[in-house]
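So that the names make sense, note that chain A is the first sequence line, chain B the second, and so on, each numbered from 1. Below, all heavy atoms of this structure are taken into account, side chains as well, without hydrogens, waters or symmetry copies. Nothing here was measured: the structure is a model prediction, and the numbers come from that model.
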Number of protein chains: 2
Amino acid sequence: MTIHLSQSESQAQKPCNHDYQANCGNCRLNSICLPLALESDDVQQLDDIIQRSKPLQKNQHLYREGDEFQSVFAVRSGTLKAYKTTDDGREQVTGFYFPGEILGMDGISNNTHASSAKALETAAICEIPFTSLEKLSALMPNLQRHFFQLMSHEITEDQQLITLLSKNSADERVAALMLSISTRNARRKLSPTQFRLPMSRVDIGNYLGLTVETVSRVFSRMQKLELLRVDNKEIEILDPQGLRKMANLGN
Amino acid sequence: MTIHLSQSESQAQKPCNHDYQANCGNCRLNSICLPLALESDDVQQLDDIIQRSKPLQKNQHLYREGDEFQSVFAVRSGTLKAYKTTDDGREQVTGFYFPGEILGMDGISNNTHASSAKALETAAICEIPFTSLEKLSALMPNLQRHFFQLMSHEITEDQQLITLLSKNSADERVAALMLSISTRNARRKLSPTQFRLPMSRVDIGNYLGLTVETVSRVFSRMQKLELLRVDNKEIEILDPQGLRKMANLGN
DNA sequence: CGCAGCGTTGATTAGTTTCAAAAGGAGTGG
DNA sequence: CCACTCCTTTTGAAACTAATCAACGCTGCG
């Protein structure tokens, strides 16, 4: 986690580690995060309600299924996974969250978190108390709109995952995930072709509805086809076009 | 569609068919629909922005993937399915919508509908123009809150479907769908044990990530186990407890 | 150094899809 | 009202994908 991490995540981590009292105005991610929709005056008001606490360590929970819902969260650095535990004790990963992305919105419906969220590596988080966000939304149409859009986006993402699980083969699912991570990296101005997977093979399997063994075999197959180079968690996409073809998604 | 329909859907349809200008105040569904969260003064204001047009005929579209997003919709009577068409032309059903339920929220994120919605039988719809809803939400905290909750609920529903597709067998998936329909019927004060499926086997398969043949086989198996009686689209749940056990979901 | 956790690979098995065919229902027109 | 067609549903047999079971390699840590 030390040497490798510094290769692909250093840009995201450094500014945050020595700047706990960062604010939305100077945050490197403000062009892709909540402030995206706001004028600078309004950003200041948003900033006032946001709470920043010390970073989460690897494997620490941000919240657990069943916890009372009070806030949504923005990832400042690091990666989290959201997951539900099924009645027979198995785990369903419902999403991975990278810097600039918002999680916790599934808790609004019942005032109770519907899933758990756990840090896959050290992660800095911005906490946004929901009642404050509601009040601010009522005053700032752009913020209200943007938050509706964020939730709607979560719905369309989930629907894409539904389609993936329902219609696509193991190869297609893994390829699609690699492409999704690549795209999200690009959004953060990181390399779309070289990155370190923050999650384990088990997590990938639990997200894509596959077993670890199958995930591993798919990676081997992809290497044999020279679509990508896999060195444990380090990924290099060699043939983006070929990978898109394997994913069979048209994007 | 004529004789059978009158058995299970007559209560839902009659009041609507001869009352196009129904309003939220007198709607039979107001205790489970959008007005749920509102005082009667506020219901009147909501009512003023809602548009009711003539019912959709079977197979008519309410909106199509790619259409400009302008409104969300409440089902007054009948049933709709929402679906996406994959790049290779196959269909992924993302949800079925019964009276009192809201659809179209996946269009907010891009100002474009991310899925299509089609009537599975004659359906009366309330259209809620989104910009009006936004304005009203900013004035009525309860409405804003409720709409956030509705979207959040859609997210948790999608996550349940994700888990179902990822972790559960064909038997479990079909059982879970039957129980879901049963529960939603109960919410509308209809029989939880006897109902008519508004969707085809193909639709069920496309929703649950199974082929028609598999769906049909599961129904046969369920009949053999005397969990339910199937007569084409007419379903009678004979053993709710056994069905819950087969669904393996703890609910 | 030895152990624990994670990842890879191989052989076998099981569940679902695919292919094929036929039965059942609904609608149409004579 | 019946014959015809089209579409949906059901059932059977074969093929295939991914899961399961099992073993081993690699890495990091006490």
Side-chain angles (χ1 to χ4, degrees), chain A residues 1-5 58-59 81 86 88 90-93 120-121 164-177 196-224 228-235 246 248, chain B residues 1-6 57-59 81 86 88 90-93 120-122 164-175 178 196-224 228-235 246 248:
Chain A
M1 186 180 148
T2 45
I3 302 154
H4 279 134
L5 192 145
K58 182 175 176 175
N59 289 327
K81 72 168 174 183
T86 60
D88 49 342
R90 287 176 302 175
E91 186 175 307
Q92 175 63 45
V93 175
L120 294 173
E121 55 193 336
L164 198 68
L165 292 172
S166 172
K167 295 276 188 296
N168 294 97
S169 68
D171 285 353
E172 291 166 338
R173 295 184 208 179
V174 176
L177 178 60
R196 182 172 192 279
L197 295 176
M199 70 293 280
S200 69
R201 301 287 192 269
V202 179
D203 287 333
I204 295 177
N206 276 337
Y207 179 67
L208 296 175
L210 301 169
T211 58
V212 209
E213 294 96 324
T214 301
V215 173
S216 182
R217 277 185 251 269
V218 173
F219 275 131
S220 302
R221 227 171 291 159
M222 286 172 160
Q223 283 207 94
K224 210 160 286 164
L228 42 78
R229 203 179 49 70
V230 184
D231 175 16
N232 201 353
K233 304 210 147 148
E234 213 63 45
I235 299 285
M246 185 183 228
N248 204 17
Chain B
M1 189 182 144
T2 45
I3 302 156
H4 279 135
L5 193 144
S6 59
Q57 293 305 305
K58 184 175 173 172
N59 288 328
K81 71 168 173 183
T86 61
D88 49 342
R90 287 175 304 174
E91 185 176 308
Q92 175 63 43
V93 174
L120 294 174
E121 54 193 334
T122 310
L164 199 68
L165 292 172
S166 172
K167 296 276 189 295
N168 293 98
S169 68
D171 285 354
E172 291 167 338
R173 294 183 209 180
V174 177
M178 292 304 107
R196 183 172 194 278
L197 296 176
M199 70 292 280
S200 69
R201 301 287 191 268
V202 179
D203 288 333
I204 294 177
N206 276 338
Y207 179 66
L208 295 176
L210 302 169
T211 58
V212 209
E213 294 95 323
T214 302
V215 173
S216 180
R217 278 185 251 269
V218 173
F219 275 131
S220 302
R221 227 170 292 158
M222 285 173 160
Q223 284 209 93
K224 211 161 285 164
L228 42 76
R229 205 178 48 70
V230 184
D231 176 17
N232 202 352
K233 306 212 145 143
E234 213 64 45
I235 300 285
M246 185 182 228
N248 204 16

Quiz item: Quick one: what's the B/S/- string for nucleotides 22-30 of chain D, heavy-atom cutoff under 4.0 Å, read 5' to 3'?
Solution: ---------
Interatomic distance where [atom1] belongs to [X] and [atom2] belongs to [N] [whole Å]:
X	N	atom1	atom2	result
A:Lys224	C:dT9	NZ	C1'	10 Å
A:Ile235	C:dG7	CD1	P	11 Å
B:Asp231	D:dT9	CG	C1'	12 Å
A:Asn206	C:dG7	CG	P	12 Å
A:Lys233	C:dC6	NZ	C1'	8 Å
B:Lys167	D:dT20	NZ	C1'	15 Å
B:Gln223	D:dT11	CD	P	8 Å

Exercise. Just jot down the side chain to side chain donor-acceptor pair (under 3.5 Å) partners of A:Asp88, sequence neighbours excluded, or say none.
Key: A:Thr86, A:Arg90
Quick test: give all pairs of protein nitrogen or oxygen and nucleotides 21-23 of chain C nitrogen or oxygen below 3.5 Å, distance rounded to 0.1 Å.
none

Can you give the donor-acceptor pairs under 3.5 Å from side chains of residues 167-176 of chain A to other protein atoms, not counting sequence neighbours?
unit_1, atom_1, unit_2, atom_2, d
A:Lys167, NZ, B:Glu91, O, 3.0
A:Lys167, NZ, B:Gln92, OE1, 2.9
A:Asn168, ND2, A:Glu172, OE1, 3.0
A:Ser169, OG, A:Glu172, N, 3.3
A:Ser169, OG, A:Glu172, OE1, 3.4
A:Asp171, OD1, A:Arg221, NH1, 2.7
A:Asp171, OD2, A:Arg221, NH1, 3.3
A:Glu172, OE1, A:Ser169, N, 2.7
A:Glu172, OE2, A:Asn248, ND2, 3.0
A:Arg173, NE, A:Asn168, O, 2.8
A:Arg173, NH1, A:Leu208, O, 2.8
A:Arg173, NH1, A:Gly209, O, 3.4
A:Arg173, NH2, A:Leu165, O, 3.3
A:Arg173, NH2, A:Asn168, O, 3.1

Quiz item: Looking for any heavy atom pair under 4.0 Å, which part of the strands does A:Ser200 touch: base, sugar-phosphate only, or nothing?
Solution: sugar-phosphate
Quiz prompt | Nearest heavy-atom neighbours spanning B:Lys58 and B:Leu120 | solution = CG-O, 3.5 Å
Identify each donor-acceptor pair in which a side-chain atom of residues 197-207 of chain A lies under 3.5 Å from a protein atom, sequence neighbours left out, and give them as a table.
unit_1, atom_1, unit_2, atom_2, d
A:Ser200, OG, A:Val202, N, 3.4
A:Ser200, OG, A:Asp203, N, 3.1
A:Ser200, OG, A:Asp203, OD2, 3.4
A:Arg201, NH1, A:Asn232, O, 3.4
A:Arg201, NH2, A:Asn232, O, 2.7
A:Asp203, OD1, A:Lys81, NZ, 2.8

Quiz item: Once you build an axis from the first five pairs and another from the last five of the helix from C:dC1-D:dG30 to C:dG30-D:dC1, how far apart in angle are they, to 10 degrees?
Solution: 30°
With 3.5 Å as the limit, what N/O pairs link the protein to nucleotides 13-18 of chain D?
unit_1, atom_1, unit_2, atom_2, d
D:dA18, OP1, A:Ala170, N, 2.7

Validation: residues 211-219 of chain A side-chain donor-acceptor distances under 3.5 Å, sequence neighbours left out:
unit_1, atom_1, unit_2, atom_2, d
A:Thr211, OG1, A:Thr214, N, 3.4
A:Thr211, OG1, A:Thr214, OG1, 3.0

